[in-house]
Amino acid sequence: MLLARSLPFVPERRWFRVAAWAAFALAVVARIGLRIHFTDFHSPELWEFGEIARNLVQTGTFTYRSNGVPSAFMPPGYPLYIAFLYQVFGVGEIAHVILAGTLLVFELCLPFLVGYLAAEIRDRTTGFVAFLLALFWPQLLVMSGRLTNIPIYTSLLLLACVLVLANSIPLRRRAFLSGLALGMFGLFRFEACAFLVPFGFVLFRHKNGSGSRRAGVGWRRRLGILSVFLGAFLIPLLPWIGRNYAVFGEVVLSTSGGYNLRRGHHARATGTAREHYAAGNTLTESTAGGTPVPGADAMARVVERTPGDVLEVDRFFRDEALRFIAANPAKEASLAVRKLFFFLVADFTHPMSRVFPIWGTSFVALMVGLVHWFRSGIRDPRQQFLWLVFATQACLAVAFFVVPRYRMGVEFVPLVFFAAALDPLVQHWSADSTPQQKEAPVHRASPSEHP
């Protein structure tokens, strides 16, 4: 009973509790096995994050290939944590093993958060099905292939979604906590600002519950809730923004946006970061075969002597991308369609994304989940919110370019609705389910919804 109360998506029958823990143990073993098999702990691939971390430890400067000049090329959260481990344990296997252990904790949080989310918008049985699926879902399992920060920021985004939909929490507190979680997500992914739109939508659409007919009262209250949310969102980001203002003399979130925009908009752009060729099957992401970015070689030879030079390089790439977009509408339309296909179905130029068990299950979940939503919950703002989160990520991919981790970060959305579609198949196994739960999403009134 204690487990059922602490995990509201686990049915109270003993058989379900035993099955849940057995499946969880198997999922732990699978993730540890993948990590050991695919990770070289002595010298793992840590991309830009590892280089920034080494620069921090060796020079005390947050920089990435900028001749020692401070930059804001990558979000600070992950390189700061790696630098902390390097500072304490040295650059070596011990630090990397601890890093892998940290990532494993976040990877194991994901199925629980998916279960909570599914139970919140549907019912306990849906939460249980979503939890079991998430334990062994291919897109979530492959996170264990490398020491990436995907499990951290996906967990933070999922946590923000759970908190903003948690009717058991008063609305104002919910706005503060979800804003705080989304702000922490912003320390690992700069596109957190784009997700303000779906979160603002669901908070604004929340029923006022005051019983007043005066529209002004409702509007003031909703705007107050949004202000709390935005204030909480900024709290984790303020040190980073303050540091950048002190360095660059202006409000700067990133100095990599221009380069990333240019990667997705040039004559040889493919819609992904890669060339069109058949990649070999592997669960890891190779950095070979990347599409050459016009101007990258020339900018690499620029000697950046001041933070202003760093901003100038970023502006160069951004301006070049915008000029290409304006001058090539037909090419841009083709790229947009291609990017949507790569995001919604699969990027067959990528060695991991093109593996059928990975992209096939995701595509089936998306199609089945969408159909189920259209049939049973399309008018529910809470369910609309989740699809807005998914759509926001898709729009970001179209604006820049597609890589598998962009889809991984919002894979929980179709997974939740896929679990809801499977709900009737397992409904008779759960003693906690009722006909009313299957007919409509559960809505538990919170204290904030009453006068």
Side-chain angles (χ1 to χ4, degrees), residues 75 77 113 116-118 120-121 153-210 212 214-238 240-241 251 253-254 257 373 377-400 406 409-414 416-417 441 443-449:
L113 290 168
Y116 271 105
L117 185 62
E120 188 64 44
I121 68 164
Y153 65 72
T154 303
S155 296
L156 290 171
L157 181 59
L158 242 173
L159 177 62
C161 292
V162 170
L163 289 170
V164 81
L165 295 179
N167 278 325
S168 59
I169 303 175
L171 180 58
R172 191 175 298 274
R173 187 182 306 168
R174 197 188 319 169
F176 178 81
L177 294 174
S178 60
L180 202 62
L182 190 64
M184 293 174 65
F185 169 78
L187 292 175
F188 294 87
R189 296 300 302 176
F190 286 138
E191 62 263 29
C193 294
F195 288 102
L196 292 174
V197 175
F199 279 84
F201 164 83
V202 75
L203 287 170
F204 191 80
R205 287 291 304 274
H206 192 280
K207 292 181 180 179
N208 184 37
S210 66
S212 172
R214 293 184 299 165
V217 175
W219 277 85
R220 284 198 297 270
R221 184 169 185 273
R222 293 182 185 191
L223 290 176
I225 293 297
L226 289 177
S227 298
V228 170
F229 170 75
L230 289 173
F233 171 76
L234 288 173
I235 290 174
L237 295 172
L238 282 176
W240 174 247
I241 295 173
V251 176
L253 188 64
S254 164
W373 176 58
I378 195 170
R379 296 181 181 275
D380 180 9
R382 293 151 57 84
Q383 297 184 43
Q384 292 169 1
F385 156 73
L386 290 179
W387 285 112
L388 276 174
V389 169
F390 187 85
T392 298
Q393 188 79 317
C395 290
L396 288 167
V398 171
F400 292 90
Y406 295 168
V410 292
E411 183 70 7
F412 62 88
V413 175
V416 163
F417 287 92
H443 182 78
R444 293 180 286 277
S446 71
S448 63
E449 294 182 49

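Bear in mind that the values here come from a model prediction, so they are computed numbers and not experimental data.
Side-chain contact between T154 and E411: absent, with no pair of heavy atoms (C-beta onward) separated by less than 4.5 Å. In this structure, the side chains of P198 and V389 come closer than 4.5 Å at one or more pairs of heavy atoms. For the pair L386/W373, no side-chain contact is recorded, criterion being any heavy-atom separation below 4.5 Å from C-beta on. Residues R174 and I225 form no side-chain contact, since every pair of their non-hydrogen atoms from C-beta on lies 4.5 Å or further apart. Using a 4.5 Å cut-off on side-chain heavy atoms (C-beta onward), F229 and L182 make contact. Considering only heavy atoms from C-beta on, F233 comes within 4.5 Å of C193 through its side chain.
A pairwise comparison of heavy atoms in Q384 and I378 identifies NE2-O, 2.8 Å as the closest pair. Contact record, L163 with L177: CD1-O, 3.7 Å, taken as the closest heavy-atom pair. The two residues V202 and R382 come nearest to each other via the heavy atoms CG2-CA, 4.4 Å. Of all heavy-atom pairs between Y406 and A397, the closest is CD1-CB, 4.5 Å. Between A160 and S178, the shortest heavy-atom contact is O-CB, 3.6 Å. A pairwise comparison of heavy atoms in L187 and P236 identifies CD2-O, 3.5 Å as the closest pair.
Between the side chain of R189 and the main chain of Y153, no donor-acceptor pair closer than 3.5 Å is present. In this structure, the side chain of R205 does not engage the main chain of G200 through any donor-acceptor pair within 3.5 Å. Judged purely by atom type and a 3.5 angstrom limit, W240 uses its side chain to pair as donor or acceptor with the backbone of L253.
A distance of 10.0 Å separates CH2 in W219 from CG in L226, rounded to the nearest 0.5 Å. Here the CG-CG distance, from L203 to L165, works out to 9.0 Å after rounding to the nearest 0.5 Å. Within the model, atoms CD of E191 and CG of L157 stand 9.5 Å from one another, a figure rounded to the nearest 0.5 Å. In this structure, C395 SG and F400 CZ are separated by 12.0 Å, a value rounded to the nearest 0.5 Å. Taken from OG in S227 to CZ in R222, the straight-line distance is 14.0 Å, to the nearest 0.5 Å. Expressed to the nearest 0.5 Å, how far CZ of F412 lies from CZ of F417 amounts to 10.5 Å.
Remark: Q393 engages no residue in a side-chain hydrogen bond (donor to acceptor under 3.5 Å, both in side chains) (not counting sequence neighbours). Partners of F185 under the ring pair (Phe, Tyr, Trp, His ring centres under 6.0 Å) rule, at least two apart in sequence or in another chain, are F195.
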**Prompt:** Run the side chain to side chain contact (heavy atoms under 4.5 Å, CB included) check on L388 and V197 step by step: do they pass?
**Reply:** CA-CA 8 Å; L388 276 174; V197 175; 5.9 Å; no
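Taking the six-membered ring wherever Trp is involved, the centroid distance between the rings of F385 and F199 falls below 6.0 Å.
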